[in-house]
Protein chains: 2
Amino acid sequence: MNTQHLDHNLLTYAEEWGLLFERWGLPRTAGRIWGWLHVCDPSDQTAGQLVDALQVSKGSVSTNTRLLENLGLVERVGVPGARQSHYRVRADAFEGIMRQRIVAVAQARALAERGLGVLESAGAERKHRLTAKRDFYAFLEREMEELLRHWQGRREEGTLVD
Amino acid sequence: MNTQHLDHNLLTYAEEWGLLFERWGLPRTAGRIWGWLHVCDPSDQTAGQLVDALQVSKGSVSTNTRLLENLGLVERVGVPGARQSHYRVRADAFEGIMRQRIVAVAQARALAERGLGVLESAGAERKHRLTAKRDFYAFLEREMEELLRHWQGRREEGTLVD
DNA sequence: TTGAGAGTTCAATCTATACTGAACTAGAAG
DNA sequence: CTTCTAGTTCAGTATAGATTGAACTCTCAA
């Protein structure tokens, strides 16, 4: 496989991440960047390189790199002697993903809880129905936090081996 | 709290589920229905009741109840002597939610895997970067399946107590 | 001090998709 | 058979929000 062909396939790969992100309610461009940063060479890319590779506007790259930074997936690093910032996947990016998921579940749990407050004086059956929902999200929240710790432990082990 | 006031607060509650769903990339109306079906009285609602309560069109209710059915969150039941279908939260709805999440993670894992195929002849560092990603999603997929079994076990226990 | 490049911001535009409303299908009631 | 009601489908519309491109700010270098 020649370089051009490889790059084309990698762009397709990035593009598919864009579509996945979209299905998850996130901007397509953020997904393209997230996908691309795992397969690009070099691993650290300037905004300009992202613009060229992914064919999106400077503005969009700026907005979406910031989004990915805020989600804890990507970091901006300075390179000595270079004027531009470079972006790369954070070493602890996957913790960021899990934290995002935990936040989403926590929101659902909190919302169910507020609902229970509203139902205070209502009949038992309705409360029971909603309590089951709250309990499920609470379960998921607790277990995902546990999973996060599990993952962090795994990563530390891995680091020792390096 | 009088009935009217209660209903107003419950509608607000349903509305907030709509907003949550939207953030998750699902139709707002599906979220409203999902929220409403946990707090409405009676627990089983006709399409007409949903139209009246949530102030959305018949068409939208039809589309979104189907969506929720396909996601495994809601079921359609017949009531003897009644012409209409009734919708209610499925007893095993939360398993549906977990399955959905597992599918989403599996898609990400599969996509990373395909990316690894493309990188076959590329340098070691890139492969390493992408392998880490694949491993993470594979980890999450495995653990969430485990979590699903855990939840199912919990539910069975609970059922015995009923 | 001026010029150039990097990055941000934001108004205007584009696009995807959810929603509505009306026409249609199916089936029950009379 | 005809009428009515429930539900589906779909073309058209509305809308949310992502993207662009241009103007702007900042910083560095000459």
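Everything numeric in this text was worked out from a predicted model, so none of it was measured. Reminder, nothing fancy here: chain letters follow the sequence lines and each chain counts from 1.
- Taking each heavy atom of B:Tyr13 and A:Leu111 in turn, the nearest pair found is CE1-O, 3.2 Å.
- Paired with B:Arg32 under the rule side-chain hydrogen bond (donor to acceptor under 3.5 Å, both in side chains), one option of B:Gln55, B:Glu15, B:Glu16 passes, and it is B:Glu15.
- Rounded to whole Å, atom P of D:dA18 lies 13 Å from atom CG of A:Leu68.
- Here A:Arg155 pairs with A:Glu95 in a salt bridge; the nearest charged N to carboxylate O distance falls below 4.0 Å.
- For B:Ser57 and C:dC19, the shortest distance from a side-chain N or O to OP1 or OP2 is not below 4.0 Å.
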Between N or O atoms, less than 3.5 Å apart, protein on one side and nucleotides 25-30 of chain C on the other: list the pairs.
| residue | atom | partner | partner atom | Å |
| --- | --- | --- | --- | --- |
| C:dG27 | N2 | B:Arg83 | NH2 | 2.7 |

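- The side chain of A:Ser60 sits closest to D:dT20 out of D:dT20, D:dT9, D:dA18.
- Here C:dT8 is the nucleotide among C:dC19, C:dT8, D:dT19 with the atom lying nearest to any side-chain atom of A:Tyr87.
- Comment: A:Glu113 engages A:Arg109 in a salt bridge, judged by a side-chain N to carboxylate O separation of less than 4.0 angstrom.
- When rounded to the nearest whole Å, the span between CD of A:Glu15 and C1' of D:dA18 equals 14 Å.
- When heavy atoms are screened at a 4.0 angstrom cut-off, B:Val61 is found touching no nucleic acid atom at all.
- Atoms CZ (A:Arg66) and P (D:dA18) sit 14 Å apart, rounded to a whole Å.
- Note on A:Arg76: a side-chain N or O is less than 4.0 Å away from OP1 or OP2 of C:dT8.
- Where A:Lys58 and A:Gln55 meet DNA chain D, the nucleotide closest to each residue was compared, and A:Gln55 sits on the side nearer the 5' end.
- Side-chain proximity of A:Ser62 to C:dA6, D:dA6, C:dT9: nearest is C:dT9.
- Atom-to-atom, CD of A:Glu22 to P of D:dT19 comes out at 8 Å; the value is rounded to the nearest Å.
- Summarising the geometry, the separation between CH2 on A:Trp24 and C1' on C:dA16 is reported as 20 Å, rounded to the nearest angstrom.
- Ring centroid separation for the pair B:His150 and A:Phe139 comes in under the 6.0 Å cut-off.
- Shortest non-hydrogen contact noted between B:Leu119 and B:Arg126 is CD1-O, 3.8 Å.
- Between A:Arg28 and C:dA16 there is no side-chain polar atom (N or O) within less than 4.0 angstrom of OP1 or OP2.
- Here the C1' atom of nucleotide C:dT8 and the CD atom of A:Glu69 are 13 Å apart, to the nearest Å.
- Whole-Å rounding puts the A:Leu67 CG to D:dT19 P distance at 10 Å.
- Nearest nucleotide to the B:Ser85 side chain, out of C:dA18, C:dG7, D:dG7: D:dG7.
- DNA chain C is contacted by both A:Thr65 and B:Pro27; A:Thr65 maps to the nucleotide lying nearer its 5′ end (nearest heavy atom per residue).
- Between the NE2 atom of A:His86 and the P atom of C:dA6 there is a distance of 10 Å, given to the nearest Å.
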Quiz item: Do A:Gln45 and A:Trp36 pass the side-chain hydrogen bond (donor to acceptor under 3.5 Å, both in side chains) test, and can you show the C-alpha distance, the side-chain angles, and the key distance before you say yes or no?
Solution: CA-CA 10 Å; A:Gln45 300 261 305; A:Trp36 181 247; 3.2 Å; yes
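- Between B:Arg66 and B:Glu69 there is no salt bridge, since no side-chain N of the basic residue sits under 4.0 Å from a carboxylate O of the acidic one.
- Dashed line: the shortest gap from a side-chain N or O of B:Thr29 to OP1 or OP2 of C:dC19 is under 4.0 Å.
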